[in-house]
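Everything below concerns the one structure shown next.
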Amino acid sequence: MRTAGRMVAEILQILREQVRPGVTTFELDQLAEEQCQKRKARPAFKGYGGFPYTICASPNDRVVHGFPNQQPLVEGDIISIDFGLIIDGFYGDSAITVPVGRIAPKTEELLKVTQDSLACGIAKAVHGGHLSDISHAVQTRVEADGYSVVREFVGHGIGRQLHEDPQIPNYGIAGRGPKLKVGMTFAIEPMVNVGDPGVKVLNDGWTAVTVDGQLSAHFEHTIAVTDNGPEILTCVES
Ligand code: MG
Ligand code: MG
């Protein structure tokens with residue numbers, strides 16, 4: 001899973017470097033697929049439940065599961081890129097939200113709060129803790145700054161399957177759910193809205209958007225509970 005996670009992180013870094021005004025998410029999708037082939041890894045999302053692409057590309061008010069398309073990104077946009085792969089029988093899954101050129105300070109704050117909330121959740125992924133400690137930590141961080149947590153989509157166990165039990169909501173009270181043990185691996189993925197927490201799915205059956213049309217951000221890491229605390233697997237070796 002460390003190998004899978006590192007590859008996911010490497011490829012997301014390559015995609016991030018390509019994000020700029022004028023680039024299309026379809027181009028990013030092609031690049032992600034090429035990078036998988038180069039590593040002899042298989043994209044995790046393509047064909048999953050019929051999803052047709054290698055990445056989920058969700059700009060601005062798109063929350064998750066957006067289809068890559070030929071529309072060029074525009075200065076001031078934000079683009080959530082969610083990407084996973086499988087190699088040697090194990091999955092990695094991670095998401096980043098990237099600014100396109102210069103973005104408004106309020107939008108930067110949304111990205112920072114969402115990333116912070118992921119870090120707060122990961123910090124609770126420790127042996128002896130409870131699953132909902134992660135959920136509670138994410139929600140607390142998000143709501144402290146007046147943002148809202150999406151309820152309809154959740155984090156998940158991950159390993160030999162992309163989505164395994166248990167589900168990990170980004171809200172809830174602490175001290176509930178299964179006890180965490182060394183060796184467990186999770187994908188933790190807060191989706192954070194500027195306005196109302198509500199989302200709806202478009203007619204393509206996949207793309208989730210905010211009901212109020214305001215911005216949404218998404219960050220995700222695959223992590224392991226270890227003897228030394230939480231270990232982020234979807235990170236590039238330094
Ligand atoms: Mg993901
Ligand atoms: Mg995931």
Side-chain angles (χ1 to χ4, degrees), residues 1-16 19 25 28-29 31-33 35-36 41-59 62-68 78-87 90-98 111 114-115 117-119 121-122 125 131 134-135 138 142 149-171 184-193 199 201 206-209 216-225 230-236:
M1 288 195 67
R2 286 192 177 99
T3 303
R6 177 175 44 78
M7 287 185 179
V8 168
E10 284 169 0
I11 294 172
L12 276 176
Q13 187 158 306
I14 289 166
L15 299 182
R16 173 198 288 277
V19 171
T25 48
L28 298 176
D29 189 69
L31 181 57
E33 182 143 7
Q35 290 294 325
C36 283
R42 194 156 53 78
F45 303 165
K46 199 168 195 173
Y48 185 93
F51 190 82
Y53 296 98
T54 295
I55 63 170
C56 300
S58 310
R62 271 54 182 154
V63 179
V64 285
H65 304 162
F67 288 179
I78 53 172
I79 175 72
S80 153
I81 305 170
D82 194 346
F83 170 68
L85 59 72
I86 176 170
I87 182 135
F90 288 99
Y91 282 91
D93 183 12
S94 181
I96 53 177
T97 302
V98 186
L111 301 193
T114 309
Q115 208 163 6
S117 74
L118 173 58
I122 291 172
L131 188 73
I134 298 170
S135 310
V138 170
V142 169
V149 157
V150 171
R151 266 67 171 170
E152 284 84 348
F153 302 98
V154 296
H156 48 94
I158 179 170
R160 290 189 179 276
Q161 301 294 327
L162 175 61
H163 295 128
E164 298 181 354
D165 287 338
Q167 294 196 342
I168 311 174
N170 292 301
Y171 63 95
M184 288 179 166
T185 47
F186 302 119
I188 304 174
E189 49 178 318
M191 288 140 270
V192 174
N193 293 357
V199 304
V201 175
W206 283 99
T207 311
V209 305
S216 185
H218 178 210
F219 284 87
E220 174 180 24
H221 273 308
T222 297
I223 64 105
V225 180
E231 177 180 336
I232 297 174
L233 301 179
T234 40
C235 84
V236 179

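Note that the structure is a prediction, hence the values are computed from the model and not measured. One-based numbering, in listed order, for ligands and for the atoms of each.
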**Prompt:** Which count of protein N, O or S atoms is obtained for distances strictly below 2.8 Å from the Mg ion (ligand 2)?
**Reply:**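 Of the protein's nitrogen, oxygen and sulfur atoms, 4 lie under 2.8 Å from the Mg ion (ligand 2).
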| query | Considering residues at least two apart in sequence or located in another chain, which fulfil the ring pair (Phe, Tyr, Trp, His ring centres under 6.0 Å) criterion with His163? | reply |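 Checked His163 against ring pair (Phe, Tyr, Trp, His ring centres under 6.0 Å); matches are Tyr48, His156.
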Listed partners of Phe51 passing ring pair (Phe, Tyr, Trp, His ring centres under 6.0 Å), at least two apart: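 If we apply the ring pair (Phe, Tyr, Trp, His ring centres under 6.0 Å) test to Phe51, skipping adjacent residues, the hits are Phe67, Trp206.
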_For a quick test of reading the model, state the closest non-hydrogen atom pair linking Arg160 to Tyr91 and the distance between them._
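Taking Arg160 first and Tyr91 second, the nearest heavy atoms are O-CE1, 3.4 Å.
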Restricting to non-hydrogen atoms, name the atom on Tyr171 and the atom on Arg151 that form the minimum distance, rounded to 0.1 Å.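 Closest pair (atom of Tyr171, atom of Arg151, distance): CE2-CG, 3.4 Å.
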*Under the side chain to side chain contact (heavy atoms under 4.5 Å, CB included) rule, what do Ile55 and Asp29 come out as? Steps first, then yes or no, please.*
CA-CA 6 Å; Ile55 63 170; Asp29 189 69; 3.4 Å; yes
Report the residues that fulfil side chain to side chain contact (heavy atoms under 4.5 Å, CB included) with Ala125, sequence neighbours left out, ordered by chain and then residue number.
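Side chain to side chain contact (heavy atoms under 4.5 Å, CB included) list for Ala125, sorted by chain: Ile134, Ile223, Val225, Pro230.
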